[in-house]
*Asks:* 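Got a structure for you, written out below as structure tokens; questions coming shortly.
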Amino acid sequence: MTAIQMTFNDPLLVVIAGPTAVGKTPFGIELAGTCSTEIISADSRQFYREMKIGTAAPSREELAKVPHHFVHHLSIHETYNVSRFEADALALLDNLFDKHRIAVMVGGSGLYIDAVCRGIDHLPDPDPVIRNDLKELLSVSGIEALRDELYKSDPEYAKVVDLANPARLLRALEVCRATGVPYSTLRSNKSKQRPFRILKLALELPRDLLYERIDNRVDRMLENGLFEEALALYPQRHLNALNTVGYRELFDHFEGLTSLEYAVTKIKTNSRRYAKRQLTWFKKDQDYKWFMPDDIGRVLELPECKMQKANIKIKNQL
RNA sequence: ACGGGUGUAGCUCAACUGGUAGAGUGGCGGUCUCCAAAACCGUAGGCUGUGGGUUCAAAUCCUACCACCCGUG
């Protein structure tokens, strides 16, 4: 219903998603460059300026080709979450659409992309004290304790959550404790209307090829100094941002728990698993149109993009 | 060449004195409205190197062969 109200004159957000290492970055730059617009990153780890190598963030040269937003704009010491990203991205898009008819969002963090496209219920920012208390409860009394509290404070949610997943329980309970209201009553599960059209594209490669690319990229990261980058961050390893593939495995090595060789193998394995989870997430969303990383030509022929190119031509002629 | 050892799931290994094979890991699939590159769940893989033999019954015992490892030459 809502989509029907949109016309080709409304601004367009093109989303480029896909598993890690599939080639989203060059694809996005090519597309944004052709449409002479800017890129919004939706990669929850490329936000952090201290993590350049291990997150395969766009290179200096790539960043110079097209204006990027939300790349290296945070420090690992800052707390950030999807809700803030939604707000930041919407504010930015509002600005971008003053100058451009099209914007490109590139990233692999499904939850973050969905927050921009569909919205996320607005809940109070987590209270670090409550969060720590709950973590304490978990480590001392186990997941049972979390379940027991959830049965009392939000029996409805207890029916639908994965009761084996501490992260889910922690989240629900921190909201219950902070608001004094059952978490489930604050979840609307409704998509929000956006003042722009959205075109969702996802990139894919045959599994064996993707895995090969992942392995190679990890090797390249190490050549480029991932070891040194991680070593420098080692003292801050407890920060959440660093609980990330490519760093945690090396931290284990620095700790003396594993060999370097093992750590590298583990980085590759965990990256593959991450890629699989990303694919599962994006495949579930029927809105995505799937392309190969070298299909940029076909994408530019899509009616939405064609129109944009036409507009550029007209502008240039004037 | 001789002596010893090992051959079990893609990989690393289990299976007491014979009772028709298990685990970790990887693979595959999925969940997920906020610390998400996180957290969690579910599955499929083995004619036990090959051929004989003993036995009601063999991964397990005997035998031949093959492969690999160690030692001596």
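All heavy atoms count here, side chains included; hydrogens, waters and symmetry mates do not. Being a predicted model, the structure only gives us computed values, none of them experimental. Residue numbers begin at 1 in each chain, while the letters A, B, ... track the order of the sequences.
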*Asks:* Do side-chain atoms of T179(A) reach the backbone of V181(A) as a donor and acceptor pair under 3.5 angstrom?
*Replies:* yes
*Asks:* Distance-only, no hydrogens or angles: does the Y247(A) side chain make a donor-acceptor pair with backbone N or O of G54(A) under 3.5 Å?
*Replies:* yes
*Asks:* Calculate the interatomic distance between R131(A) atom CZ and A39(B) atom C1'; express it in whole Å.
*Replies:*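 Interatomic distance, CZ of R131(A) to C1' of A39(B): 12 Å.
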*Asks:* Under the 3.5 Å rule, do the base of U33(B) and the side chain of D121(A) count as making a donor-acceptor pair?
*Replies:*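 A donor-acceptor contact between them is present.
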*Asks:* Tell me the stems RNA chain B sits in, counting at least three consecutive Watson-Crick or G-U wobble pairs, each under 3.5 Å on both distances.
*Replies:*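 Stems for RNA chain B, defined as runs of 3 or more consecutive pairs: B:1-7 with B:66-72, B:10-13 with B:22-25, B:27-31 with B:39-43, B:49-53 with B:61-65.
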*Asks:* Would you mind telling me which of A36(B), U33(B), A38(B) lies closest to the side-chain atoms of R45(A)?
*Replies:*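 Within the option list, the nearest is A36(B).
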*Asks:* Using a cut-off of less than 4.0 Å, is there contact between a side-chain N or O of R168(A) and OP1 or OP2 of A39(B)?
*Replies:* no
*Asks:* Verify, without hydrogens or angle tests, whether D154(A) (side chain) and L150(A) (backbone) share a donor-acceptor contact under 3.5 angstrom.
*Replies:*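 It does not hold such a pair.
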*Asks:* Taking any heavy-atom pair under 4.0 Å as a contact, classify G54(A): base, sugar-phosphate, or nothing.
*Replies:*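 Base contact.
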*Asks:* Examine distances only and state if a side-chain atom of E229(A) and a backbone atom of L226(A) form a donor-acceptor pair shorter than 3.5 Å.
*Replies:*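 Side chain of E229(A) to backbone of L226(A): no pair is present.
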*Asks:* In whole angstrom, give the distance that lies between atom CG of L170(A) and atom C1' of C34(B).
*Replies:* 13 Å
*Asks:* From the list A38(B), A36(B), C41(B), which nucleotide is the closest neighbour of the side chain of N240(A)?
*Replies:* A36(B)
*Asks:* To the side chain of R171(A), which of C34(B), C40(B), A38(B) is closest?
*Replies:*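 Of all the options, the side chain of R171(A) is nearest to C34(B).
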*Asks:* Would you indicate which nucleotide in A36(B), C34(B), C40(B) comes nearest to any side-chain atom of P166(A)?
*Replies:*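 The nucleotide sitting nearest to the side chain is C40(B).
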*Asks:* Look at all strands and tell whether Y262(A) reaches a base, only sugar-phosphate, or nothing, counting heavy atoms closer than 4.0 Å.
*Replies:* nothing
*Asks:* Among A38(B), C34(B), G26(B), find the nucleotide with the atom closest to the side chain of L111(A).
*Replies:* C34(B)
*Asks:* In terms of relative ring orientation, are F70(A) and F47(A) parallel, tilted or perpendicular, with 30° and 60° separating the classes?
*Replies:* perpendicular
*Asks:* Identify which nucleotide among C41(B), G29(B), G27(B) has an atom closest to any side-chain atom of R207(A), counting heavy atoms from C-beta outward.
*Replies:*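 The listed nucleotide nearest to R207(A)'s side chain is G29(B).
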*Asks:* What distance, rounded to whole Å, do you find between the two P atoms, one in C66(B) and one in C56(B)?
*Replies:*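 One P to the other, the span is 32 Å.
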*Asks:* Across the strands shown, which category fits Q46(A) at heavy-atom distances under 4.0 angstrom: base, sugar-phosphate, nothing?
*Replies:*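 If one applies the 4.0 Å heavy-atom cut-off, Q46(A) turns out to touch a base.
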*Asks:* Does C34(B) have OP1 or OP2 sitting under 4.0 Å from an N or O in the side chain of Y183(A)?
*Replies:*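 For C34(B), OP1/OP2 do have a side-chain N/O of Y183(A) under 4.0 Å.
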*Asks:* Quick check on RNA chain B: between N243(A) and D125(A), whose nearest nucleotide comes earlier from the 5' end?
*Replies:* D125(A)
*Asks:* One thing to verify: whether R147(A) and E144(A) come together as a salt bridge, which I'm taking to mean a side-chain N less than 4.0 angstrom from a carboxylate O.
*Replies:* yes
*Asks:* For T280(A) and G30(B), is the shortest distance between a side-chain N/O and OP1 or OP2 below 4.0 Å?
*Replies:*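 So the side-chain polar atoms of T280(A) do come within 4.0 Å of the phosphate oxygens OP1 or OP2 of G30(B), strictly under.
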*Asks:* May I ask you to say whether K192(A) pairs ionically with E86(A), meaning some side-chain N is under 4.0 Å from a carboxylate O?
*Replies:* yes
*Asks:* Can you check the Y80(A) OH to U33(B) C1' distance for me, whole Å?
*Replies:* 16 Å
*Asks:* Given the C1' atoms of G4(B) and A44(B), what is the spacing between them in whole Å?
*Replies:* 39 Å
*Asks:* In whole Å, what separates the C1' atom of U12(B) from that of G73(B)?
*Replies:*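 The answer is 34 Å between these two C1' atoms.
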*Asks:* Counting side-chain heavy atoms from C-beta on, which of C34(B), G26(B), C40(B) comes nearest to T269(A)?
*Replies:* G26(B)
*Asks:* If the C1' atom of A59(B) is compared with that of G18(B), how far apart are they to the nearest Å?
*Replies:*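 After rounding to an integer number of Å, I get 10 Å for this pair.
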*Asks:* Send over the distance from N165(A) CG to A38(B) P, rounded to a whole Å.
*Replies:*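 Taking atom P of A38(B) as the reference, CG of N165(A) is at 13 Å.
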*Asks:* At 4.0 Å (heavy atoms only), tell me whether D43(A) reaches a base, stays on the sugar-phosphate, or touches nothing.
*Replies:* base
*Asks:* On RNA chain B, check which nucleotide each of L123(A) and R272(A) is closest to and give me the residue with the more 5' one.
*Replies:* R272(A)
*Asks:* Over how many whole Å does the gap from N270(A) atom CG to A36(B) atom C1' extend?
*Replies:*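 That distance rounds to 15 Å.
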*Asks:* Would you measure the distance from the P atom in A67(B) across to the matching atom in G49(B) and give it in whole Å?
*Replies:*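 Roughly 16 Å separates the two P atoms.
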*Asks:* Mind calculating the distance between CZ (R273(A)) and P (U43(B)) to the nearest angstrom?
*Replies:*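 Going from CZ in R273(A) over to P in U43(B) covers 16 Å.
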*Asks:* Ignoring backbone atoms, establish whether K268(A) has a side-chain N or O less than 4.0 Å from OP1 or OP2 of G26(B).
*Replies:* no
*Asks:* Would you call the rings of F97(A) and F196(A) parallel, tilted or perpendicular, taking 30° and 60° as the class edges?
*Replies:*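 Ring orientation, 0 to 90° scale: tilted.
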*Asks:* Would you measure the distance from the C1' atom in C40(B) across to the matching atom in U33(B) and give it in whole Å?
*Replies:* 16 Å
*Asks:* Any idea if G45(B) is syn or anti, going by the 90°-from-0 cut?
*Replies:* syn
*Asks:* How far, in whole Å, is C69(B) from G52(B) if one measures between their C1' atoms?
*Replies:* 26 Å
*Asks:* Can you list the steps and then say if E38(A) with H69(A) is a side-chain hydrogen bond (donor to acceptor under 3.5 Å, both in side chains)?
*Replies:* CA-CA 8 Å; E38(A) 309 182 16; H69(A) 302 272; 2.6 Å; yes
*Asks:* Just to be sure I understand the rule, does K190(A) reach a base, reach only the sugar-phosphate, or reach nothing, if contact means heavy atoms closer than 4.0 Å?
*Replies:*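 Counting heavy atoms under 4.0 Å across all strands, the contact made by K190(A) includes a base.
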*Asks:* How about E255(A): does its CD atom have over 12 heavy atoms from other parts shown lying under 6.0 Å from it?
*Replies:*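 Result for CD/E255(A): enclosed.
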*Asks:* Using a heavy-atom cut-off of under 4.0 Å over every strand shown, decide if L239(A) touches base, sugar-phosphate, or nothing.
*Replies:* nothing
*Asks:* Taking atom C1' in both A21(B) and A9(B), compute the distance separating them and give it to the nearest angstrom.
*Replies:* 10 Å
*Asks:* Within this structure, what is the CD-to-C1' distance between E174(A) and A38(B), rounded to whole angstrom?
*Replies:* 14 Å
*Asks:* CZ of R248(A) versus C1' of A36(B): gap in Å, rounded?
*Replies:* 12 Å
